[in-house]
Amino acid sequence: MRVPPVGDRLTLNRLVEYCADMAQTFNMTATFHALGDPVRSEIVQRLATQGDATVNELAALFPISLQAVSKHIKVLEAAGVVSQRREGRHRPVHLERRRVESATDWLRSRLDELEARYQRLDEVLAEERNHT
Amino acid sequence: MKPTVHLRVDQQSVSHTREFDAPAEKVFRAHVDPEIFVRWMGPRGTSCDVERFDAETGGAFRYSILIGGGAYTFFGAYHEVRPNDLIVHTWEFEGDPLPTLETLRFVDIDEGRSRLEVLSVYTSAEHCAEMLAFDETEGGMDENFERLDEVLAGV
């Protein structure tokens, strides 16, 4: 992501592409921020393994108030990690798998990019070692 | 053992660590000696054209990655450079309104190996405000990403 797709000049198309890239990075940081908390990751884990659950069911997993758990669900919802729909008197919480998967894909492509750069550095360091 | 990059994503920053089969001193040198720097910076198949490279506290750099007929130019200022230990610099893609603050630490591990720790902090005000709004609802929740791998693996 660090190297935007730009040639000699910033054409409008490329600028738009680059902004989309940037927006994606920010979305991703919001997603990881949402996931990077013990309570929220437990909620995601539970939804991933056992399917949709009500707020009450999720709150029963933790020794914290229903209100606190609701706040965590709101953070997950704001980041697009979960959604809630009305079903009679209940509002089951649903895991947006695609969202989590796209975060994983983003992470993987960042890792590949960095690893490629550092493999070049590995080679340079090995050459330096042979010279001295 | 094949070295791999470990990446963490935080509210307004991205950090990673990578181990090298070389002491911190050598990895540091690869970052501050322009002759060595151009041999690894940028994707494979590209070349690096250095215009300015004063890797010392208060110094600055400007270089272009050349690919086909195109050039990607980057520049920044060195805020602190401590030999074999630390580099703090800004980093900006020319034409990009979102510079980052980069902190690189060079740490010897054992038997001639070392670890590079890089923290990139984004400086977008919008992004920052958005993230601060998150924090207000949580009261300074401790950021812990150690379990993220588990979570992602389970999905």
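Here is how names work: the chains are called A, B, and so on, in the same order as the sequence lines, proteins then strands, and each is numbered from 1.
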A:Arg86, CZ atom: more than 12 neighbouring heavy atoms under 6.0 Å: no
Contacting region of A:Leu125 [heavy-atom separation from chain B under 4.5 Å]: side chain
Residue pair B:Arg18 / A:Leu114, side-chain heavy-atom distance below 4.5 Å: no
Anything under 3.5 Å between a donor and an acceptor, one on a side chain of residues 51-60 of chain B, the other on a protein residue two or more places apart or in another chain? List them.
from    : atom 1 : to      : atom 2 : distance (Å)
B:Glu51 : OE1    : B:Arg62 : NH1    : 2.4
B:Glu51 : OE2    : B:Arg62 : NH1    : 3.3
B:Arg52 : NE     : B:Asp54 : OD2    : 3.3
B:Thr57 : OG1    : B:Val81 : N      : 3.0

Which portion of B:Val27 sits near chain A, non-hydrogen atoms under 4.5 angstrom: both
A:His90 atom NE2: more than 12 heavy-atom contacts under 6.0 Å: no
Geometric class of the A:Tyr118/B:Phe20 ring pair [parallel <30°, tilted 30-60°, perpendicular >60°]: perpendicular
Co-membership, hydrophobic cluster, residues B:Val38 and B:Phe74, 4.5 Å side-chain: yes
Partner chain A: residue of B:Gly42, B:Ala30, B:Ser64 with the largest heavy-atom pair count (under 4.5 Å): B:Gly42
Side-chain donor/acceptor of B:Arg44 to backbone N/O of A:Gln119, under 3.5 Å: no
Which residues share a ring pair (Phe, Tyr, Trp, His ring centres under 6.0 Å) with B:His31, sequence neighbours left out: B:Trp40, B:Phe106
CZ/A:Arg46: more than 12 non-hydrogen atoms of other groups inside 6.0 Å: yes
CZ-CZ distance between B:Arg39 and A:Arg120, expressed to the nearest 0.5 angstrom: 10.0 Å
